[in-house]
Structures are given as structure tokens and as C-alpha cells.
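Owing to the predicted nature of the structure, the values given are computational and were not obtained by experimental measurement. Quick note: numbers below take in every heavy atom, side chains included, and nothing from hydrogens, waters or symmetry partners. Proteins get letters first, then strands, A, B, ... in listed order; numbering begins at 1 in each.
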Amino acid sequence: MTLDKTFDPAAIEAKWYQHWESTGAFRPERPDAVPFTIVNPPPNVTGSLHIGHALDNTLQDIVIRYERLRGKDALWVVGTDHAGIATQMVVERQMAERQQKRTDFTRDDFVAKVWEWKEESGGTITGQLRRLGCSMDWSREQFTMDPHFSKAVIKVFVDLYNEGLIYRDKRLVNWDPGLKTAISDLEVETREINGKFWHFRYPLEDGSGYISVATTRPETMLADMAVAVNPADERYAHLVGKNVRLPITGRLIPIVTDEHADPELGSGAVKITPGHDFNDFEVGKRAGFKPADMLNMLDAEARVVQTADGLIPQDYIGIDRFDARKRVVEAIDAAGLLEKVEDRVIQTPFGDRSAQIIEPWLTDQWYVDAKTLAQPAIEAVRSGAIEVVPKSWEKTYFNWMENIQPWCVSRQLWWGHRIPAWYGPSIENPEEIIVFVAEREDEAVSNAVSYYHASWQEGDAMSFSIYQSEAEYRTDSAKDHGPSNEEFEAETGLTIPDDAQVHLQPDSTKIWGIWRDPDVLDTWFSSALWPFATLGWPLDNPPPSGEGDHLKDGGGARAASAQPGDVSLKPTVPLHHASHGPPPRSGEDLLTRHYPNDLLISGFDILFFWDARMAMQGLHFMKDVPWRRLYLHGLVRAADGSKMSKSKGNTVDPLGLIDQYGADALRFFMAAMESQGRDIKMDESRVAGYRNFATKLWNAARFCEFNGIGASGSVAAPTAELAVNRWIIGEVVETLAALDKAMADLRFDAAANIVYHFVWDRFCDWYLELVKPTLSSITIAPLTIFINPVSDERRTEVLESVEHQTEKAVAHENARAEIRLVAGWVFDQILLMLHPFMPFITEELWHATGTRANDLILAQWPEPGVEVDEVAADEIGYAINVIDLVRSTRTEAGIPPSAKIELQISGNEELLVAAMQVLQAHST
RNA sequence: GGGCGUAUAGCUCAGUGGUAGAGCACUGUGUUGACAUCGCAGGGGCCGGGAGUUCAACUCUCUCUACGCCCACCA
């Protein structure tokens with residue numbers, strides 16, 4: 001096989017990727033090897049590869065390929081995330097283009113449409129990861145809404161609930177009026193906007209004057225419930241306990257004391273709106289208001305609604321919050337109560353997805369007791385059970401973990417894991433709601449039936465139904481009968497427990513029923529389980545077992561996922577009945593072998609979102625850390641240092657870079673630029689530089705090919721006599737050691753540069769140049785034939801000459817043979833060292849040079865088995881110095897390169913001859 | 001308000017208690033035999049400012065300045 005004159009990355013990339021995947025190269029069978037595990041941060045299923053993915057995945061692939069080459073059982077778990085809000089937004093946007101909206105559909109129909117979109121676009125990013133050369137275990141590709149994964153999510157919710165670590169609470173949440181859902185603290189971005197600071201005068205009830213309050217959100221005064229002053233503020237001491245008559249609503253509210261009021265700020269008195277401000281909520285509670293009694297004046301879309309006391313004037317009802325703001329200010333002004341208006345920069349909360357201003361809103365939501373779960377996660381880092389790289393992130397981690405707030409996990413969406421909670425009316429007071437949390441609907445029904453049965457008395461008639469919503473239950477009347485026991489069981493596939501002895505009769509007088517919580521869980525609640533739920537947790541619940549499958553059809557066992565019906569109400573069917581054939585690795589083995597994962601690589605931007613939550617959930621459910629090391633990398637920024645964003649239009653498409661320079665070049669760029677903890681500024685010329693590096697390697701391979709240099713055939717270093725060979729072998733040994741050190745420290749830049757400079761500077765520029773004359777000069781053959789020797793003396797002379805020439809020729813041939821052997825071995829080592837960084841070209845060259853070809857990825861990291869030859873290193877170092885000196889002297893002296901130079905040099909003759917030949921090769 | 005990070009060659013970045021490095025760019029030069037996506041030679045930096053420790057500081061300490069990021073309830 002002859003290498004093409006020019007290196008064309010595109011020609012080899014697709015070919016080799018397909019080959020790897022179809023031969024199972026990414027997961028060779030190594031049952032006895034040391035396991036090594038990385039889970040890939042699951043990208044959004046409908047997303048596409050951006051430059052940050054390229055960085056993140058390149059780093060992971062380098063590590064996983066490196067460990068695989070070293071003989072480990074390297075598993076790289078891959079899959080995608082359902083990305084609740086993001087995906088639902090995409091689908092809703094598509095609907096909007098067709099003048100449709102989510103509520104035009106039933107929930108099931110809408111969710112089915114999202115599944116359709118997932119099926120349609122879900123392969124985009126996985127295809128792009130393949131183009132990057134990522135060697136994930138595709139045969140086990142997973143999705144966060146696969147049945148087995150969903151089951152794990154639900155189990156975690158139920159277990160945490162039963163342990164009291166998940167609870168339902170009525171408090172202020174960050175409400176996104178654009179998406180109409182609650183979001184967590186982390187999903188809120190604070191931005192500065194130019195606003196105003198309005199100073200209002202609130203008239204005292206007794207007509208004795210006013211008290212001034214200042215606000216940046218005047219509209220909330222419609223739901224004010226108090227005015228607070230600092231207890232130490234003597235200016236207002238005489239007013240405490242008096243009432244204020246609110247303008248517009250006429251509501252009578254008290255003046256209270258609270259530390260929250262800052263005497264330095266504004267007038268020192270502050271209006272309190274407990275239902276619409278986080279601070280005021282706390283003040284309100286201290287002032288004795290119960291959350292349930294706090295006034296709410298906004299609906300889900302942040303339009304004004306009537307408060308419970310009915311005091312908001314009718315013409316405010318239904319208008320937008322910003323219109324309400326204008327109208328309130330106008331009204332206050334018209335009443336002569338507007339003291340002054342100041343311009344002010346306001347820290348304003350925005351939804352990170354919707355870019356809408358977040359509204360604190362009083363609702364019932366599910367919360368995770370993050371504070372409790374955080375403790376072991378803090379301890380794990382403190383004790384070193386988790387090593388954070390770079391270490392400087394530890395402080396940030398501790399800071400956040402130690403001040404962690406309850407985590408709101410319920411989302412008012414349709415796409416996601418529906419919360420496994422069912423509600424029903426309390427027996428004592430049907431207006432109150434009680435909760436049944438269960439992994440499956442039949443369990444919830446069973447529990448509910450038992451509960452309601454407790455109120456059943458001999459002779460009672462009672463009906464029990466499953467409703468779609470609370471509203472449906474409330475509007476059910478006694479005349480609207482529940483089903484009979486038999487109908488109920490037939491309809492739901494559930495069994496009413498015998499001991500419940502529920503009588504379901506058409507003429508029931510007591511109507512009971514339950515309905516499921518309509519909300520879904522925060523996406524990060526589920527992805528937090530990624531390190532163990534992908535490995536078969538809980539154990540009766542195996543993930544896709546790709547073992548062997550990919551050898552047959554190349555597709556793996558992913559068909560089990562993605563059934564639209566799996567998402568909602570139907571109980572999940574355990575999969576273990578479905579799997580058949582010999583299970584080479586049981587779920588238990590997988591989980592035991594690969595948990596804890598060895599390493600997690602993620603961007604620091606998801607340290608709180610994902611990494612911290614994995615640590616919490618992993619420690620809680622697995623009683624062990626999710627990973628032993630956590631490597632955090634920075635962001636890839638635009639060339640000018642700004643953050644890349646679609647809206648700015650300054651994004652760089654990694655696929656475009658791959659098209660232009662090849663995947664290997666892009667990967668090498670990412671590695672070479674990744675210095676711990678620092679952002680990477682995009683520098684395309686550098687990508688081009690690494691494309692050139694690949695070309696250089698390609699041409700070196702061609703040189704080897706032309707000169708009969710092929711595979712070494714051995715992993716061990718060949719024995720060598722020539723100094724130049726002993727030297728380069730020593731250089732390989734040192735390079736390998738340096739590379740191992742860099743990889744152990746996760747210094748990707750150092751690792752890449754070590755290999756780069758060995759290949760280019762040492763191997764190409766010196767070694768190949770030094771051996772070139774020996775390889776290319778024509779052997780002086782002892783074939784001179786003397787026809788008429790004039791004398792015996794002359795005859796002897798000739799014979800001796802022939803003998804001498806023969807010896808020289810033999811020596812020369814031996815030298816060439818040794819060079820071929822050593823050069824072939826060195827080149828093999830180069831391909832090995834480079835393979836994690838540049839998998840495509842190394843695979844191609846390995847194959848093309850006829851060496852171990854397909855065994856590449858099965859090869860074990862070589863042990864050179866030799867010491868560095870210091871003598872040879874000194875000799876070659878001397879020769880290199882001499883050549884350098886001569887070259888620079890020649891340039892300085894203005895001697896043209898064409899002039900021959902005679903050198904008087906003492907030292908190793910063989911070397912100096914080689915050195916002179918190199919000089920001459922460049923001189924004539 | 002708290003925390004973190006960064007300031008080194010024109011650009012993008014490594015780096016070590018002891019005469020400063022890489023890639024790109026730049027200058028000169030060289031193409032019939034691996035490679036012009038290249039070779040060879042070369043120019044270019046008071047290593048942000050100041051103070052301190054030390055025989056010696058780009059490297060350690062303090063401080064100042066500039067920029068960036070994260071967290072935080074200032075109405």
C-alpha cells in the first residue's frame with residue numbers, strides 16, 4: 001500500500017470511524033483488565049455539537065483512548081439528556097410557526113410530538129460526536145427517559161420522599177412567566193438593567209401625615225401587606241404600630257419593625273410585599289403572616305389578578321405587570337403622593353432559558369433537602385475521596401455547598417419525568433389535599449384505597465376514581481359515578497387489594513379519587529443519576545446491554561428506548577424478562593466494576609447544576625463517590641475573547657473546522673490549548689498549525705515507506721549498535737515517561753506538546769536527517785574485476801581491497817538494517833503516543849505501513865524495556881551542537897549554502913561522518 | 001459585599017528560585033529524491049506597577065492597577 005502524496009483527512013475519517021464502531025474496537029473484551037470509567041455529560045438530545053462539546057469530548061476521548069491503549073477495560077458511557085425545558089421550548093417554537101400552541105393538544109399528544117422530534121433530531125449530535133472521533137460505547141447508548149433510567153429517577157424520588165429529603169412546600173419560587181414554570185435558583189441569571197427608584201408617600205391612617213417608602217417595583221404595592229422600619233430607627237419609633245392607608249387599594253396595613261429595613265437606604269422605611277419578594281416573604285413571616293395568607297396579585301403570566309381581599313380596582317385586573325407599573329406610578333403621582341424618582345441600576349433576575357424577568361411567586365412546589373444531601377458531598381471533597389482538578393475550584397464548591405438552599409425540582413412542563421405523587425382529598429376536610437407518593441400508579445391507588453377505606457363504615461356506599469386533575473375531581477358530582485370494581489380493574493389493569501374491601505357503587509354518596517401531580521422533574525434531577533443509573537442501578541433494572549450486539553448489527557440494543565407511551569401513566573415494565581442470551585456482564589458486574597467512575601470531565605459552568613448534584617445523589621444512593629477525580633475545564637471563547645453566543649453570531653462551528661482542517665487537527669488544538677482551569681481563546685491559525693503537523697507526520701511516514709521502514713514487529717525496543725539509534729530509543733523512553741506524567745496530572749497541553757516536539761523536532765528534524773545519508777547512499781559494491789593483474793603483489797592488493805570493500809558494504813548494510821528496524825519501532829511508538837490525540841491519521845498510518853493494523857486499539861501501552869543510553873545521548877547531542885554551530889556560523893559569515901565546508905572535528909567518527917553528510921546534503 | 005482567576009515576544013499561550021520558551025505572524029534564504037501544509041538561518045520580551053524575603057525573583061510574600069468570571073436579599 002502506497003501512501004498518497006498529500007494527506008486528506010476527510011478521506012480517512014469516515015472510513016476508520018465506521019471500522020472502529022463495527023468491529024467493537026471501542027470496547028474490546030477485557031474481563032480481567034483493570035476497569036476505567038468515564039461517563040459522558042449527556043448532551044441535549046435535540047442539540048447539536050458546539051465548540052464546547054468539542055473541547056469536552058476531545059479531552060475525554062484522549063483519556064479514554066490513552067487508558068485503553070494501556071490495556072485497561074475502558075468504558076465511556078454515552079447517551080443524551082431529554083433536557084426538559086430546552087426541548088419543550090424547541091417543540092413549542094416549531095408549533096408557534098404553524099400558529100399552534102401546546103395547549104391545543106392534550107398532554108399525551110403533545111408529549112408524543114416531542115418524542116417524534118426527539119426521534120427526528122436525536123441522532124444529530126451523536127453523529128457529530130462520531131465525526132470528532134469519540135470512542136464511546138455506542139452499544140450502550142442511553143437516554144434519560146429510557147424505561148430503565150426513568151425507573152431509577154422515580155425510585156430516587158420515592159426513596160428521598162420516604163426519607164423526608166423531598167417535600168412539598170408553599171413558598172416563593174422563581175417563576176418564569178414566559179415559560180410558565182418554576183425554575184431553580186441556578187437557572188436564574190442576575191443582570192443589571194437601568195431602572196428607577198420610586199419614592200411613594202403612604203398616608204397614615206390617622207391622617208397625621210405620611211411615611212415614605214421607595215421601590216423599584218411599584219406595581220407590587222397592590223399586594224403590600226406592611227411597611228417595615230428598622231427597630232433602631234428612632235425617626236419612626238413613634239409610628240410603629242400605626243396603620244397606613246395604601247393608595248389605590250385603600251388597604252389598611254401596619255407599620256412594623258424588622259432588621260431587614262436599612263435606615264441608610266431610601267427613607268429607611270420599606271414596603272413589604274410578602275407574596276412577591278423574597279426578602280419581604282421572610283419579613284412577612286416574622287410579622288406573623290402565614291404563607292397561605294400572603295396576598296398574590298399576579299397570575300402565571302404575570303398579569304394582575306385580584307387579591308384575596310378584593311381591593312385591587314377592577315381596571316387593573318388582567319393587565320400586564322409592566323403596564324401595571326406605569327398605571328400605579330401615574331395614580332400615585334396623580335394623588336400627589338409621588339415624592340421623587342431616581343435613576344438606578346437594578347440587579348434584575350432573568351430566566352436563563354427564556355430571558356424573561358423572573359417573578360417571585362407563591363406556589364406549592366417540590367423541594368429537595370439539598371442541605372442534608374450536601375454534607376457527605378462536602379466531606380468527600382474535603383477528605384480527598386474526590387480530587388478536584390484544578391484544586392482552586394474546591395473553594396467555589398465548598399462555598400456553594402455550604403450555603404446551599406432547598407432545591408426546587410418541580411417544573412410546570414409536560415416533557416420530562418412526571419412526578420410520582422398522587423393527590424386526593426383529605427377525609428377530614430375534602431378541601432385539603434393529601435399526598436400519595438409511590439413508584440407506580442397501582443401502588444398509589446392501593447395506598448389511597450386503603451386510606452379512604454379507613455373512613456368506610458358498614459353500609460356506606462363509596463366510589464373511587466382516578467382523575468386527570470384536581471379540577472376534574474372537584475367538578476365530579478355524586479351523579480357522575482365512578483366505575484365498578486371490575487370496570488376499574490379492567491380499565492386500569494390494576495388490582496384493588498382485597499383487604500381494602502372498597503365498595504364501588506353507582507349510587508355512591510362518598511366520592512373519593514386521586515389524580516397525579518401534573519408536574520415533571522427538573523432535568524438535572526435525573527441527570528444527577530447518570531454515573532450509576534446508566535450502569536444498571538437499581539440492580540433489577542438493567543440498562544441496554546450492548547454486549548456482542550454491535551458485532552452482529554452494529555446498532556446495539558437501543559431500540560428498547562424511545563417508546564412514546566413509556567413516559568406517562570403506565571407502570572414501567574421491568575426489562576429483565578426481555579433480555580435474553582448469555583449476559584457476559586451482568587448489571588451487577590457493570591455497576592461494581594465501573595462505579596465509582598474514575599474521572600468526570602466537565603465544564604466549570606455546570607459544576608453546580610450537574611457535578612455537585614451527582615456527588616450528592618451518588619453518595620446518597622451508592623454510598624460512594626460518583627467519581628474519584630473531577631476535572632473542570634474552561635470555556636472556549638471567541639478569538640476576541642468574548643463569550644461565544646448564537647445571538648452575537650460569533651460562534652465557531654466545530655464541524656466547519658473539521659471539514660477544513662480535519663478532526664485530528666481540531667482535537668490536537670483542543671488538547672494543546674487546554675491548560676488547567678483556563679478559558680481557551682479560539683485561534684484558527686493554531687488549528688491550521690496542527691493540520692500541518694498531521695501533514696508532517698504523513699510525510700515522515702512516506703519517507704519511511706520509501707526507505708523500507710515498516711513495522712517493528714515487536715513491542716520491546718530493538719537492540720541497537722549505532723549511536724544515533726541508541727539515542728533515539730532513549731528519546732522515546734524519555735518522551736513516553738514525560739507523556740505518562742502529563743497524562744497522570746491531566747495536563748493535556750503538556751501531553752500534546754511533548755508528543756508534538758518529539759515527532760517534529762527530534763524524529764523528523766534530527767533522526768531522519770541523520771540516518772538519511774546512510775539509508776540513501778549507494779552501497780559500494782566490491783565488483784571491480786581486474787582482468788590482467790600484473791603481479792602477485794598487485795593481485796594480493798586487489799584481493800585485499802575487495803575484502804575491505806566487502807566488509808564496508810556489509811557494515812553499511814547492517815547499519816541500514818538496524819536503522820530500518822529502529823526507525824520502524826520508533827514510528828510505532830509515535831503512532832501509539834499520538835493516537836489518543838489524533839486517532840484517525842494514526843490508525844491510517846498504522847494500517848498503511850503494514851504493521852499491527854487492526855490491533856492498534858488492542859495494543860497495550862509499550863514498555864520500551866531499555867534505559868536511556870547516556871553515552872549515545874551525549875554523542876548525538878554533540879553532533880547536533882556541531883551542526884547547529886556550523887550552520888549559524890555559515891549564515892553569519894555569509895558563506896553561501898552551496899559552498900562545501902571542511903570540518904576538523906574530533907569525536908565519534910561515525911557521528912561526524914553522518915553530521916557532515918547532513919551538512920552536505922543541505923549544501924549541494 | 002464575598003470568592004476565584006488572569007496580566008510573559010506583534011497575536012494566542014506554556015514555564016521554572018539561578019543566563020526567558022512554543023505556535024502563528026515577521027525578516028533573510030533554499031525548491032529535480034518524505035514534506036513549500038516544508039527546510040535552514042534570524043529579529044523581537046526592564047516576564048502589569050511598587051515594596052519585601054533571598055547571594056539570586058518572571059518564579060515566593062505583601063500591595064496597587066487593569067481585565068474577566070462566579071456567588072450574594074439591598075427595597
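- Across the protein-nucleic acid pair, A:F7 atom CZ and B:C35 atom P stand 16 Å apart, rounded to whole Å.
- Between A:K681 and A:D640, none of the side-chain N atoms (NZ, or NE/NH1/NH2) sits under 4.0 Å from a carboxylate O, so this pair counts as no salt bridge.
- The pairing partner recorded for B:C69 is B:G3, the criterion being a Watson-Crick or G-U wobble arrangement whose two distances lie under 3.5 angstrom.
- Within 4.0 Å of A:M673, counting heavy atoms only, lie sugar-phosphate atoms of the nucleic acid but no base atom.
- An OP1 or OP2 oxygen of B:A14 is reached within less than 4.0 angstrom by a side-chain nitrogen or oxygen of A:S675.
- Residue A:C764 is classed as a base contact, given a heavy-atom separation below 4.0 Å to a base.
- One finds no side-chain N or O of A:K643 lying less than 4.0 angstrom from the OP1 or OP2 phosphate oxygen of B:G68.
- If you take CH2 of A:W393 and P of B:C4, they are 12 Å apart, rounded to a whole angstrom.
- Side-chain to base pairing of A:K395 with B:C4: no donor and acceptor N or O lie closer than 3.5 Å to each other.
- In this structure, A:A261 reaches the bases: a heavy-atom distance under 4.0 Å links it to at least one base atom across the strands shown.
- Of the nucleotides present, none pairs with B:A36 by Watson-Crick or G-U wobble criteria with both distances under 3.5 Å.
- Residue A:S685 has its side chain nearest to B:C24 when only B:A34, B:C35, B:C24 are considered.
- Atoms CG (A:L775) and P (B:G33) sit 17 Å apart, rounded to a whole Å.
- Between A:R686 and the phosphate of B:U37, there is no side-chain N or O to OP1/OP2 separation shorter than 4.0 Å.
- Taking 4.5 Å as the limit, some side-chain heavy atom of A:R747 sits within range of a side-chain heavy atom of A:Q676.
- Note on A:H757: only backbone sugar-phosphate atoms sit closer than 4.0 angstrom, heavy atoms only; bases stay farther off.
- One finds a side-chain N or O of A:N692 lying less than 4.0 angstrom from the OP1 or OP2 phosphate oxygen of B:C38.
- When the side-chain nitrogen and oxygen atoms of A:K5 are compared with OP1 and OP2 of B:C35, one or more of them lie within a distance under 4.0 Å.
- Within 4.0 Å of A:W198, counting heavy atoms only, lies no atom of the nucleic acid at all.
- Across the protein-nucleic acid pair, A:K271 atom NZ and B:C73 atom P stand 18 Å apart, rounded to whole Å.
- Ring orientation note: the planes of A:F608 and A:W400 are close to parallel, at an angle under 30° on the 30°/60° scale.
- The phosphate of B:C4 (OP1 or OP2) has no side-chain N or O of A:W400 nearer than 4.0 angstrom.
- Annotation: side chain of A:H199 is not in contact with side chain of A:V213 (no heavy-atom distance under 4.5 Å).
- Note on A:R637: every side-chain N or O is 4.0 Å or more away from OP1 and OP2 of B:G68.
- The base of B:A75 has none of its N or O atoms less than 3.5 Å from a complementary donor or acceptor on the side chain of A:Q347.
- A:G662 comes within 4.0 angstrom of no nucleic acid atom, judged by non-hydrogen atoms across all strands.
- One N or O on the side chain of A:N230 and one on the backbone of A:A261 form a donor-acceptor pair closer than 3.5 Å.
- In summary, the aromatic rings of A:F668 and A:F837 are positioned with their centroids under 6.0 Å apart.
- A:E189 places its CD atom 8 Å from the P atom of B:C70, with the value rounded to the nearest Å.
- Of the P atoms belonging to B:C58 and B:C46, the separation is 13 Å, rounded to the nearest Å.
- Among the protein residues, A:N707 comes within range of no part of the nucleic acid, since none of its heavy atoms lies under 4.0 Å from any strand.
- In this structure, the CG atom of A:D679 is 10 Å from the C1' atom of B:U6, given to the nearest Å.
- Contact annotation for A:R217: no contact, since no heavy-atom pair falls under 4.0 Å across all strands.
- For the pair A:K696 and B:A34, the criterion of a side-chain N or O lying under 4.0 Å from OP1 or OP2 is not met.
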